[in-house]
Peer 1: 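Take this structure, written in structure tokens, and hold onto it; I'll ask about it next.
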Amino acid sequence: MSIERYNARAAESRWQQVWDAGNVFATCNEDVRPKYYVLEMFPYPSGRIHMGHVRNYAMGDVVARYKRARGFNVLHPMGWDAFGMPAENAAMDNRVPPRAWTQQNIAAMKAQLKSMGLSLDWSREIATCDPSYYRHQQKMFLDFLAAGLVERKQSKVNWDPVDQTVLANEQVIDGRGWRSGAPVEQRELTQWFFKITKFSEDLLTSIDRLDRWPDKVRVMQRNWIGRSEGLLIRFALERTTTSAGETELEVFTTRPDTIFGMKFMALSPDHPLAQSAAAKNPELAAFIAECKRTGTAQELIDKAEKLGFDTGIRAIHPFDPTWKLPVYVANFVLMDYGTGAIYGTPAHDQRDLDFSNKYGLGNTPVVCPEGQDPQTFVITDIAYDGDGRMINSRFLDGLTIAEAKEQIAKRLEREVRGNQPIAQRQVNYRLRDWGISRQRYWGCPIPIIYCASCGVVPVPEADLPVKLPDDIEFDRPGNPLDRHPTWKHVVCSNCGGEATRETDTMDTFVDSSWYFARFTDPWIETRPTDRKAVDEWLPVDQYIGGIEHAILHLLYSRFFTRAMAATGHIGIDEPFEGLFTQGMVVHETYRTADGAFAAPAEVKIEGAGDVRRATLAETGEPVEIGPIEKMSKSKRNTVDPDDIIGTFGADTARWFMLSDSPPERDVIWTEEGVQGAWRFVQRLWRLVNEAAEFSREAPASRPPVFSGSAIAVRKAAHGALAKVSENIERLRFNVCIAHIYEFANSLQAILASSPQRVPDLKFAVREAAEIMVQLFHPMMPHLAEECWAALGHKTLLAIHSWPEVEHDLLLEDTITLPVQVNGKKRADVTIARDARNADIEASVLALDAIKRALDGKSPRKVIIVPQRIVNVVA
RNA sequence: GCGGACGUGGCGGAACCGGUAGACGCAACGGACUUAAAAUCCGUUGAGGGUAACCUCGUGCGGGUUCGAGUCCCGCCGUCCGCACCA
């Protein structure tokens with residue numbers, strides 16, 4: 001019998017049409033089954049999908065198809081993160097309007113996603129650039145504003161001079177804009193902020209509850225929020241030394257225990273006290289100006305010397321009125337953390353020590369490491385920040401650091417100056433409010449108007465959405481909304497007078513902070529969410545995406561969910577119950593002699609191992625094989641999903657993406673790996689057809705007794721079923737695939753041994769073939785449907801339920817235990833599963849190999865681990 | 001500097017809660033089929049020793065706990081990632 005090769009191309013589009021026509025993956029909100037919401041991070045419509053998308057969506061689809069088979073009502077939607085800079089860049093480069101450019105890209109990518117055979121509910125598709133989406137975002141902005149969660153304030157912002165826009169702190173990487181790569185400048189602008197810091201504590205402590213998130217992400221979020229506990233101390237200033245009558249200086253410290261090691265105070269150049277002192281001291285003013293010029297670029301910060309300028313101001317030590325401390329302005333003190341002023345304890349802080357050594361301020365160690373003689377403990381170039389006991393610290397001497405901190409806090413809290421305690425305990429966070437204003441066109445308009453007489457006026461709800469105009473000029477950089485002839489001119493909704501619109505649009509991270517909620521009911525027009533739908537579907541049970549969103553997107557979404565809860569749009573505060581961050585797709589790089597990168601498609605590889613060499617396919621020019629790196633356009637080491645799907649089919653691409661590496665790790669794309677996956681597709685097709693042929697006219701009902709080989713087949717099938725089920729649940733797709741290979745090997749071996757076609761074996765083979773097809777269905781749905789039909793089924797596998805494991809089959813009557821002597825394996829013993837220990841011991845000691853290993857000695861002890869192992873201790 | 005993860009054959013990786021290390025795939029080698037190729041099938045493949053049954057060594061390095069350690073503990077080395085003048 002010869003079986004025709006599986007034609008992936010034809011079969012895949014055929015099954016995609018069948019699924020489409022049957023509306024198989026559309027999810028209904030009214031359904032009695034338990035819900036399961038699986039979501040992959042929605043893509044930016046750049047125009048083409050890349051292999052990273054294939055990996056991400058293949059994983060999500062495995063979960064979706066598996067959970068569906070498990071009887072869940074699965075929500076698995078897809079949409080487009082459609083606002084953002086590239087559309088504007090394209091508009092400037094190619095004179096295509098951003099909306100048209102975006103829509104074209106969406107259409108192209110949607111076709112690509114469809115060719116992957118993903119079980120998505122396309123009826124819920126949303127695009128964030130659609131007014132039917134962003135109008136609700138505007139509504140929520142207004143609700144947040146009313147609830148005190150939005151603020152307009154002047155602030156120093158990160159300005160990207162190339163993109164001509166403001167960037168969030170998170171979008172500044174190494175002092176450069178995350179998109180343009182241009183060095184970021186500081187500017188004072190009036191901006192809109194979401195008050196994420198209102199939730200600092202809750203965002204931090206709730207991380208503990210996210211037990212289905214990767215530890216890595218949880219740690220990153222904790223660090224980002226950056227809570228630190230300390231003491232806010234009010235230092236008195238020597239009145240005669242201040243220029244504008246200031247009497248005190250507030251300082252935040254996490255190390256109040258070192259208060260007797262203090263040598264100086266330092267102010268940020270932006271500190272008000274520094275400013276007022278500078279007003280009367282031109283040299284100081286010049287120093288401050290110099291500090292600001294240094295900028296925030298990372299290289300500069302790293303290299304920058306600690307510089308200071310003595311203001312002449314003197315602070316008074318809280319425990320000793322005669323102890324005066326010089327107040328410097330220093331370039332390393334940040335204005336926006338704590339109070340913008342610090343006290344310096346050189347012996348125990350490296351920065352303070354560098355500073356002190358430069359200006360000859362000395363140091364006094366106040367913490368002495370255990371076991372070190374305080375008399376000989378001297379600090380020169382390296383500050384000591386470890387544990388120890390207090391020294392040189394008056395009433396603190398001999399205490400631990402923790403005890404000393406507590407002592408200082410207690411004493412200073414009690415002490416009062418001008419009705420106020422001198423110090424209070426304070427918690428500080430690194431997290432800053434989220435500035436969302438962007439000077440861009442292609443984003444969600446901020447629904448605010450500015451009236452000369454009424455001031456800042458929220459756009460009335462009835463006037464929403466504030467729509468983006470389509471007639472836009474992209475002849476120069478900057479924000480085209482600002483120079484549009486009519487768009488921004490409106491009448492004040494309050495007084496009817498002349499007014500102008502806010503021309504800034506929202507950061508695109510706002511768009512992606514709530515899309516998961518909109519998917520639960522994307523049709524409702526009157527409100528952002530239907531409460532019944534969000535309450536039913538949220539939280540997302542499994543969210544899957546790249547680690548690059550570990551902080552920004554996930555933290556913003558967590559904030560947004562809380563803000564939506566505060567304004568009644570949602571009933572929960574954590575949006576994603578399970579999070580999985582998948583690794584990247586990486587590939588070798590190739591360079592020609594002139595240093596230019598060559599694409600994999602242009603390169604021909606010959607040989608293997610050490611003699612592996614590459615040439616340009618067209619010219620034969622030798623090519624150097626470079627390091628394996630993330631697929632990127634600049635390195636030209638990308639592989640186009642369309643090419644792979646066109647050549648091998650979507651199933652092969654999906655299978656390979658899931659098979660080679662653990663999903664959280666990077667996967668190396670190799671031609672050999674894809675070939676291997678493709679061979680296996682063909683092999684499965686043959687195997688299932690052979691099994692179908694073998695089991696023709698198998699009994700419809702289960703035979704009462706199975707013979708030996710039938711039992712072996714059934715054990716292999718149910719063993720694989722148990723393993724694959726377990727490992728899909730744990731998202732260990734590579735392990736699932738190994739078990740499927742193993743199962744295929746054993747089924748193939750049994751069929752190849754040409755057993756007699758007895759009814760019970762026919763039944764078992766048929767059952768095994770069906771289980772096999774169902775096991776690989778989540779990964780290779782098209783092939784699975786094709787095989788399912790080949791097995792004679794008239795209904796779709798996509799809506800078929802998952803097979804049940806027969807656990808009895810997995811229990812053997814006799815088991816083979818490894819037998820060790822002193823921890824080294826010497827033999828196996830086969831014994832009844834429920835044999836008593838005494839019997840096992842007797843059989844073990846009777847084994848020739850064990851006798852030999854014991855060499856006449858008598859065993860001291862025999863350890864029997866039930867069902868696992870026997871160890872004879874000699 | 002702070003924080004985190006990881007280190008297993010030629011390669012990707014597997015090994016539940018401490019219990020047969022190397023499943024499964026890739027590559028390689030040998031063979032079958034074929035005029036030939038492709039496809040497919042069979043076999044070998046951690047290192048060393050032995051004709052063989054088998055034996056010795058082996059999960060980055062050094063110690064420790066244990067009947068037993070890839071897995072747990074202590075100390076190193078290396079790689080990768082995140083944050084970074086945060087007081």
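The sequence lines fix the lettering, A, B, ..., with proteins before strands; numbering per chain opens at 1. Note that this is a predicted model, so its numbers are computed, not measured.
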Peer 1: Would the A/F260 and A/H317 ring centres measure less than 6.0 Å apart?
Peer 2: yes
Peer 1: Can you tell me if the side-chain N/O atoms of A/K723 get under 4.0 Å from OP1 or OP2 in B/A23?
Peer 2: no
Peer 1: Report yes if the distance between the aromatic ring centroids of A/F656 and A/W678 is under 6.0 Å, otherwise no.
Peer 2: no
Peer 1: Reckon A/V865 touches a base, only the sugar-phosphate, or nothing at all at heavy-atom distances under 4.0 Å?
Peer 2: base
Peer 1: Given side chain to side chain donor-acceptor pair (under 3.5 Å), test A/T816 with A/D828 step by step and report yes or no.
Peer 2: CA-CA 6 Å; A/T816 300; A/D828 289 306; over 6 Å; no
Peer 1: Pick the P atom in B/C55 and in B/G19, then give their distance to the nearest Å.
Peer 2: 23 Å
Peer 1: Between B/C85, B/A87, B/G19, which nucleotide gets closest to the side-chain atoms of A/K306?
Peer 2: B/C85
Peer 1: Any idea which of B/C26, B/A15, B/G19 is nearest the A/V735 side chain?
Peer 2: B/A15
Peer 1: For the side chain of A/W224, starting at C-beta, report the closest nucleotide among B/C41, B/A27, B/C83.
Peer 2: B/C83
Peer 1: Quick check: do A/N637 and A/E588 have side-chain heavy atoms less than 4.5 Å from each other?
Peer 2: no
Peer 1: Counting any heavy atom closer than 4.0 Å, what does A/S659 reach on the DNA or RNA strands: base, sugar-phosphate only, or nothing?
Peer 2: nothing
Peer 1: Closest to the A/D660 side chain: B/U20, B/G25, B/G3?
Peer 2: B/G25
Peer 1: Given B/C67, B/A14, B/G12, which nucleotide is nearest the side-chain atoms of A/R732?
Peer 2: B/A14
Peer 1: If you compare every side-chain N and O of A/Y741 against the phosphate oxygens of B/G25 (OP1, OP2), does one of them come in below 4.0 Å?
Peer 2: no
Peer 1: Quick one: is A/Q221 getting a side-chain N or O under 4.0 Å of the B/C83 phosphate, OP1 or OP2?
Peer 2: no
Peer 1: Where the side chain of A/L334 is defined as all heavy atoms beyond and including C-beta, which of B/G13, B/A87, B/G19 is the nearest nucleotide?
Peer 2: B/A87
Peer 1: Judged by each residue's nearest nucleotide on RNA chain B, which is more toward the 5′ side, A/F332 or A/G676?
Peer 2: A/G676
Peer 1: Nearest-nucleotide wise, let me know which of A/D215 and A/V873 is further upstream toward the 5' end of RNA chain B.
Peer 2: A/D215
Peer 1: Tell me whether A/D257 contacts the main-chain N or O of A/I408 through its side chain, where contact means a donor paired with an acceptor under 3.5 Å.
Peer 2: no
Peer 1: For a quick test of reading the model: is some side-chain N or O of A/R868 closer than 4.0 Å to OP1 or OP2 of B/C16?
Peer 2: no
Peer 1: For the C1' atoms, the ones on B/A27 and on B/C76, what distance do you get once it is rounded to whole angstrom?
Peer 2: 35 Å
Peer 1: Tell me, what's RNA chain B's dot-bracket, Watson-Crick or G-U with both distances under 3.5 Å, | for other-strand, [ ] crossing?
Peer 2: (((((((..(((......[....))).(((((.......))))).((((....))))..(((((..]....))))))))))))....
Peer 1: Ignoring the backbone of A/N734, work out which of B/A14, B/A84, B/C24 is nearest its side chain.
Peer 2: B/A14
Peer 1: Would you kindly check if the NZ (Lys) or CZ (Arg) of A/R5 is within the cone defined by 45 degrees around the ring axis of A/W685 and under 6.0 Å from the six-membered ring centre?
Peer 2: no
Peer 1: Would you indicate what A/R222 reaches in the nucleic acid, counting non-hydrogen atoms under 4.0 angstrom: base, sugar-phosphate, or nothing?
Peer 2: nothing
Peer 1: Just call it for A/E672: base, sugar-phosphate, or nothing, with non-hydrogen atoms closer than 4.0 Å on any strand.
Peer 2: sugar-phosphate
Peer 1: Between B/C26 and B/C85, how far is it from one C1' atom to the other, in whole Å?
Peer 2: 49 Å
Peer 1: What nucleotide, of B/C24, B/C41, B/G13, holds the atom closest to the side chain of A/R683?
Peer 2: B/C41
Peer 1: Looking at every strand, decide which applies to A/S228 at a 4.0 Å heavy-atom threshold: base, sugar-phosphate, or nothing.
Peer 2: sugar-phosphate
Peer 1: Within the 4.0 Å heavy-atom criterion, would you say A/V872 contacts the bases, only the backbone, or no part of the nucleic acid?
Peer 2: nothing
Peer 1: Please check the phosphate of B/G25 (OP1 and OP2 only) for any side-chain N or O of A/N745 closer than 4.0 Å.
Peer 2: yes
Peer 1: Take atom P in B/C16 and the same atom in B/C72, then report the distance between them in whole Å.
Peer 2: 11 Å
Peer 1: Taking the ring centre of each residue, are A/F309 and A/Y328 less than 6.0 Å apart?
Peer 2: no
Peer 1: Below the 4.0 Å mark, does B/G13 have OP1 or OP2 next to a side-chain nitrogen or oxygen of A/R665?
Peer 2: yes
Peer 1: Once side-chain hydrogen bond (donor to acceptor under 3.5 Å, both in side chains) is applied, what residue pairs with a partner in residues 337-347 of chain A remain, sequence neighbours excluded?
Peer 2: A/S228-A/Y337, A/T258-A/T345
Peer 1: Nearest to the side chain of A/E742 - B/A23, B/A27, B/G3?
Peer 2: B/A23
Peer 1: What's the closest nucleotide to the side chain of A/I668 if the choices are B/C41, B/G12, B/G3?
Peer 2: B/G12
Peer 1: Side chain of A/E250, backbone of A/R234: donor and acceptor closer than 3.5 Å?
Peer 2: no
Peer 1: Would A/K306 and A/F355 count as a cation-pi pair here, with the cationic atom under 6.0 angstrom from the ring centre and within 45° of the axis?
Peer 2: no
Peer 1: For B/U56 and A/R826 - does any side-chain N or O of the residue sit under 4.0 Å from the phosphate oxygens OP1/OP2?
Peer 2: yes
Peer 1: Which value, in whole Å, describes the distance between the P atoms of nucleotides B/G70 and B/U59?
Peer 2: 7 Å
Peer 1: What is the nucleic acid contact for A/Q867, judged by heavy atoms within less than 4.0 Å: base, sugar-phosphate only, or nothing?
Peer 2: nothing
